[in-house]
Amino acid sequence: MSSGDDPSPDATQPPATDETGPVEPTTGSESLLLTYAAPFLGVLLIAAGLPLAIVGGYVVIQDSVGLCGDPSITATPVDEYDGAPETVEELPASELSPAERRALEEAIDSPLREGTVDGDLANRAALLEGAIVEYEGNRYYVQITSQNSCLDVEPLLFPIGAIAILVGIAGVLTPPIYRKMAGFEERMRRDRTD
């Protein structure tokens, strides 16, 4: 190799090595950004994305796996109690919504004394506390036993959370990936100059 072929070091580029070993071919601001800022933002995105993805995913599957649905009531004949307390509210059967009436009839006919309110629950407050309903000459203590309310949030939270997690993981992995890429680029540069 002649002396004219010997490449001289570029003063504008950082040195590839120093007395302590190889150095990163980046400027100080790039190094700070890629070493600290990108992983920090990545961790923040993961922390924000996890609850969003969990809640959004739960909303998507809650109905299909039976985690929510229509509320159910029980109807127990008042005769089975020693005496109905006077503090229990009496609710006329005429004030029941059609869905509540169907649920009451279902509960009366059911051996488990339970019925599902498939529709408007107009007397939710009274039935949550428990009320005495006189129906076809008999008095029943009717109470909501399970509300089974569905969580009401946007299902779009799931993909948003998943994307945030993926971008966050990329941010956390930025420093080692960048170091590998910078090392690869430095080796390619050295190979070209040899």
Side-chain angles (χ1 to χ4, degrees), residues 24-76 89 91 93-131 133 141-185:
E24 293 183 21
T26 60
T27 63
S29 61
E30 284 178 332
S31 181
L32 284 176
L33 177 69
L34 296 172
T35 305
Y36 299 108
F40 178 70
L41 289 175
V43 169
L44 289 181
L45 284 172
I46 291 172
L50 278 174
L52 294 178
I54 291 171
V55 171
Y58 177 80
V59 168
V60 171
I61 66 167
Q62 65 179 346
D63 199 23
S64 59
V65 298
L67 297 176
C68 67
D70 299 319
S72 59
I73 61 170
T74 58
T76 308
E89 181 181 350
L91 183 65
S94 58
E95 292 186 9
L96 295 176
S97 69
E100 291 169 339
R101 186 181 297 266
R102 283 194 302 272
L104 175 62
E105 291 169 351
E106 179 186 344
I108 291 171
D109 294 337
S110 168
L112 298 176
R113 298 177 177 169
E114 286 190 6
T116 303
V117 183
D118 186 12
D120 182 30
L121 189 58
N123 299 289
R124 179 185 297 271
L127 295 179
L128 273 175
E129 295 293 325
V133 180
Y141 179 69
V142 181
Q143 188 176 27
I144 293 175
T145 54
S146 174
Q147 295 197 66
N148 290 333
S149 301
C150 292
L151 183 62
D152 188 21
V153 296
E154 289 295 328
L156 195 60
L157 291 180
F158 177 70
I160 291 174
I163 290 171
I165 291 171
L166 292 177
V167 174
I169 290 172
V172 170
L173 295 178
T174 295
I177 292 173
Y178 186 76
R179 279 195 291 271
K180 282 195 177 294
M181 295 299 292
F184 177 74
E185 184 181 349

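Note: hydrogens, waters and symmetry copies are ignored here, and every other heavy atom, side chains too, is used.
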Report the residue from Leu128, Leu96, Val117 that forms a side-chain contact (heavy atoms from CB on, under 4.5 Å) with Asn123.
-> Leu96
Which of Ile73, Thr76, Ile108 passes side-chain contact (heavy atoms from CB on, under 4.5 Å) with Val142? It is Ile73
Test side chain to side chain donor-acceptor pair (under 3.5 Å) applied to [X] - qualifying residues, sequence neighbours left out:
{"X": "Ser110", "result": "none"}
{"X": "Gln147", "result": "Arg124"}
{"X": "Thr145", "result": "Ser72"}

Pairwise salt bridge (Lys or Arg N to Asp or Glu O under 4.0 Å) hits with a residue in residues 98-112, at least two apart = none
ring-ring contact (aromatic ring centres under 6.0 Å, His included) against Tyr141, all qualifying residues, sequence neighbours excluded | Tyr81
Who pairs with [X] by side chain to side chain contact (heavy atoms under 4.5 Å, CB included), at least two apart in sequence or on another chain?
{"X": "Pro155", "answer": "Val59, Val60"}
{"X": "Ile165", "answer": "Leu50, Ala53, Ile169"}
{"X": "Val167", "answer": "Leu45, Ile163"}
{"X": "Asp120", "answer": "Ser97, Ala122"}

Point-to-point distance, once rounded to the nearest 0.5 Å, from [atom1] of [X] to [atom2] of [Y]:
{"X": "Asp70", "Y": "Thr116", "atom1": "CG", "atom2": "OG1", "value": "6.5 Å"}
{"X": "Leu127", "Y": "Leu91", "atom1": "CG", "atom2": "CG", "value": "6.0 Å"}
{"X": "Leu41", "Y": "Thr174", "atom1": "CG", "atom2": "OG1", "value": "9.5 Å"}

Do you know which two heavy atoms are closest between [X] and [Y], and how far apart they sit?
{"X": "Cys150", "Y": "Gln62", "value": "CB-NE2, 3.6 Å"}
{"X": "Gly56", "Y": "Leu157", "value": "CA-CB, 4.0 Å"}
{"X": "Pro39", "Y": "Pro175", "value": "CG-CG, 3.4 Å"}

Are Leu121 and Ile144 side-chain neighbours, meaning at least one heavy-atom pair lies under 4.5 Å?
-> yes
Contacts of type salt bridge (charged side-chain N to carboxylate O under 4.0 Å, His left out), residue Arg113, not counting sequence neighbours = Glu80
Within the distance-only criterion (no hydrogens, no angle test), does the side chain of Glu89 pair as donor or acceptor with the backbone N or O of Ala126 below 3.5 angstrom?
-> no
